[in-house]
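Read through the structure below, which is laid out as structure tokens, and then see the notes.
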Amino acid sequence: MYCLSVQAYENRNLLQRQAGPDKLENILMTDKPWIHYPLYADRRGWDSLTSINKAYYIQFGEKYLSYDWKVVKATDYLEFARSGNRSKMENIYNSNLNAISALFIAEMAEGKGRFIDQLANGLFHTCEMTSWTISAHLSLQLVQGSFPKLNDHVIDLVSGDVGAMFSWVYYFLNKEFDKLNPLISSRLYDEIESRILTPYLNESRFWWMATNVTADKGFVNNWNPWCNANVLQCFLLVEKDRKRLVEGVYKTMVSVDKFLNYNHDDGACEEGPSYWGHAAGKMYDYLQLLYDATGGGINIFSDPMVKNMGEYISRSYVGNGWVVNFADASAKGDFNYRLIYRYGKMVHSIAMEQFASLLKREYPKPISISRDMYRVLADLSSDPEIDKYAPLHGVKPFIWYPETEFCYIREGKLFLAAKGGYNDESHNHNDIGTFSLYVDDEPVLIDVGVGTYTKKTFSNERYSIWTMQSDYHNLPVINGFSQRYGKKYRATNIKPDKNGNMFSLDISKAYPADAGINKWIRGYRLNKGNLCITDTFDINNARVPNRLNFMTWGQVDISQAGVVEIRLNNKTCRLSYDKNNFEPSLEKVVLDDSRLSDVWGNEVFRISLTAKKTVDRGTYNIIIKI
């Protein structure tokens, strides 16, 4: 099988083909019968919904009854521009939003009005903020920058989350606020209308809307379904004008179609499993809301691509909490198994339903209290259903994603994940041809992932960060050159071989033309408990010895010529190389970023095999045994 890497975009327009504005006008429900949750006054209904979680929610909310609402100062916004630190502003803001969500769900669980005053304080405090957007995203303002401008409202991930959460608060509790003062719920409505609904109707400039994305230009990532799902909630829950409601909902359909058009038929998430919940998962949230609000009149859950996008998360699970991670994704999974179950239920995927049951058994956790109120409510209603399914994770020996160019091979104790693609994917690392190797479902040769996001992470300095560079992936430095960023830097001549447990590709085009690489064919083969890596190359006028790099978090011993020993948790892997061809070296990389150290510990290691001779062509063979 030969594959050519191409950017995905196909004018499927699945949602618009289901309904145009006229049909939507006829099928979009009024008076909110699509909401399956009990009204605030229905105490029996809320007792049933919260069930065993009721006491926990009330106790958690009680912690915030005397919460001191925090002020985001001007200097907290300025810190992002000054140092690139986005956490200072976000941590303060998130503390307030977490308090609001805790107070809200506690009041819904208890129903005695005990949390209403403090909840009103939090809502009023947030409504008084110039912007609901975080400092790192204020560049979307008309004036750009990272400091909020009055009435220059931006819809981003966080402001959309806030708008959606406040819409649920308004829906359930507006009459309770009226008992305090009618201006409270009125203010809440006005802020949602002016910060979310009106900008969405009147603006097309936000990049995530994908207004001008075509097959020839632009890209679409998780921001699109995430923001649109939030906007859709705001329209469905608070918009009072029928014409504006239909117009707003249809505009979200056109926008989400861009996301669906951009994704591959194979369903893989190029951003990795960590982003599945924000990409395919948010797309599911959006589609479920639209399905419910139209009484099933708009339903694309039977589309094969939508099912593939869901099942990607179960297929990318290695075991023991580890996942296949590329790009900015983490190697450790943080799964919302209730979301996986709901998605699986709608696309009729027994694999997802059983996987959700397995995760619930092995990694049980309480239903989170977060600003994503739609998921909090959905988790409450779906959690009991998961236990009906056998806790299983169906393992396939060979999985190939022909468009995204991910290849997973499992043989005995070994699991190999390798990739092709191109170096301009969403949350891209320069990593064409890299691989990860797992032994007994534990990573040994690794993809480190990404550290805490800063201003540099999403700037023209991104590839000055070591985790983004091909030199710190399991890849060669060829003729002194590393891989480059850009769409033209891609894999070619890709050959997955199911019968031979093999995957090969030419990575030469991932390097600059100055490297003079005619070809560099990298092949991976699992065979009888071994991983064989073969590099066959042809270079014009080679000037610098090639170097093969391997990343690990195990303890490394290079003292024996021809063998690198990697010891990890009572396991030893032996990486064998030709001692006449290579000189080994070892670099320790200290991890002072908690986003990395929480996964790998305080350090990782780069094993480098540097060729002793500079040659134009040849073949290198590496064998890894357990």
Side-chain angles (χ1 to χ4, degrees), residues 7-19 23-24 27 34 208 210 213 215 219-233 249-250 252-273 275-317 335-356 374-375 378 382 389 394 396 399-404 406 426:
Q7 179 178 336
Y9 195 90
E10 181 180 342
N11 286 311
R12 303 177 183 93
N13 294 334
L14 298 176
L15 295 171
Q16 293 168 76
R17 290 178 182 177
Q18 289 266 312
K23 181 178 178 180
L24 182 63
I27 64 176
W34 58 272
W208 55 264
V213 169
F219 84 107
V220 194
N221 72 356
N222 65 84
W223 275 57
N224 176 280
W226 188 343
C227 291
N228 277 298
N230 283 327
V231 169
L232 181 61
Q233 291 172 69
V249 171
Y250 187 71
T252 68
M253 291 169 57
V254 174
S255 181
V256 174
D257 262 338
K258 295 284 190 174
F259 178 76
L260 291 160
N261 292 346
Y262 185 82
N263 273 270
H264 296 291
D265 283 329
D266 64 23
C269 179
E270 64 183 26
E271 299 168 285
Y275 284 86
W276 179 87
H278 304 315
K282 281 296 180 184
M283 179 199 70
Y284 159 75
D285 288 346
Y286 174 88
L287 295 179
Q288 186 70 65
L289 282 159
L290 195 59
Y291 175 92
D292 291 342
T294 60
I298 298 179
N299 177 10
I300 64 169
F301 285 113
S302 61
D303 187 88
M305 182 186 72
V306 175
K307 184 174 185 178
N308 287 339
M309 291 174 72
E311 291 188 334
Y312 163 80
I313 193 62
S314 59
R315 293 173 178 175
S316 296
Y317 182 66
F335 302 102
N336 181 340
Y337 48 81
R338 301 168 181 98
L339 169 64
I340 294 170
Y341 166 75
R342 293 193 298 275
Y343 196 136
K345 179 180 178 181
M346 291 303 293
V347 297
H348 303 292
S349 170
I350 187 65
M352 292 181 71
E353 291 165 327
Q354 291 178 337
F355 179 51
Y374 176 73
R375 284 197 180 166
S382 62
Y389 292 87
K396 295 183 178 181
I399 296 174
W400 167 238
Y401 288 97
E403 293 142 331
T404 316
F406 293 166
S426 184

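Heads up: numbering here begins at 1 and tracks the sequence. Nothing here was measured: the structure is a model prediction, and the numbers come from that model.
Looking only at distances, no side-chain donor or acceptor of Gln16 sits under 3.5 Å from a matching main-chain atom of Met253. Trp208 contributes no side-chain N or O that, together with a main-chain N or O of Trp226, makes up a donor-acceptor pair within less than 3.5 Å. When atom types are taken as modelled, the side chain of Glu353 and the backbone of Tyr389 share no donor-acceptor pair closer than 3.5 angstrom.
To the nearest 0.5 Å, atom CH2 of residue Trp223 and atom CZ of residue Phe259 are 14.5 Å apart. Separating the OH atom in Tyr374 from the CG atom in Leu289 is a distance of 4.0 Å, to the nearest 0.5 Å. Expressed to the nearest 0.5 Å, how far CD1 of Ile298 lies from CD1 of Ile27 amounts to 4.5 Å. The line from CG of Asn263 to CD of Glu10 is 11.5 Å long, rounded to the nearest 0.5 Å. The line from CG of Asn261 to CG of Leu14 is 7.0 Å long, rounded to the nearest 0.5 Å. Rounded to the nearest 0.5 Å, atoms OH (Tyr291) and CE (Met346) are 4.5 Å apart.
When only modelled atom types and interatomic distance are considered, Arg342 and Ser382 share a side-chain donor-acceptor pair under 3.5 Å. For the residue pair Ser349 / Glu311, a side-chain donor-acceptor distance below 3.5 Å is found, with atom types taken as modelled. Defined by atom type and a distance below 3.5 Å, a donor-acceptor pair is missing between the side-chain atoms of Gln18 and Asn299. For the residue pair Thr252/Asn228, the side-chain donor-acceptor check at 3.5 Å is not satisfied. Between the side chains of Ser426 and Glu270, not a single donor N or O lies within less than 3.5 Å of an accepting N or O.
When side chains are defined from C-beta on, Trp276 counts as touching Leu339, because their heavy atoms get closer than 4.5 Å. Side-chain contact check for Arg315 versus Tyr401: some heavy-atom pair is nearer than 4.5 Å. Considering only heavy atoms from C-beta on, Leu290 stays 4.5 Å or farther from Val256 through its side chain.
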Worked verdict on Ser255 versus Asn224 for side-chain hydrogen bond (donor to acceptor under 3.5 Å, both in side chains): CA-CA 7 Å; Ser255 181; Asn224 176 280; 3.1 Å; yes
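When the shell of 6.0 Å around NZ of Lys307 is examined, it contains more than 12 heavy atoms from other residues, nucleotides or ligands.
Closest non-hydrogen pair, Ser314 versus Met352, comes out as OG-CG, 4.5 Å. Minimum heavy-atom separation, Asn222 to Glu271: ND2-OE2, 2.7 Å.
Checked against ring pair (Phe, Tyr, Trp, His ring centres under 6.0 Å), Phe355 has the following partners two or more places apart in sequence or in another chain: Tyr317, Phe335, His393. Under the side chain to side chain donor-acceptor pair (under 3.5 Å) criterion, Asn308 pairs with no residue at all, not counting sequence neighbours. Residues passing the salt bridge (Lys or Arg N to Asp or Glu O under 4.0 Å) test with Lys258: none are found, sequence neighbours excluded.
With salt bridges taken as basic N to acidic carboxylate O contacts below 4.0 Å, none links Asp257 and Arg12.
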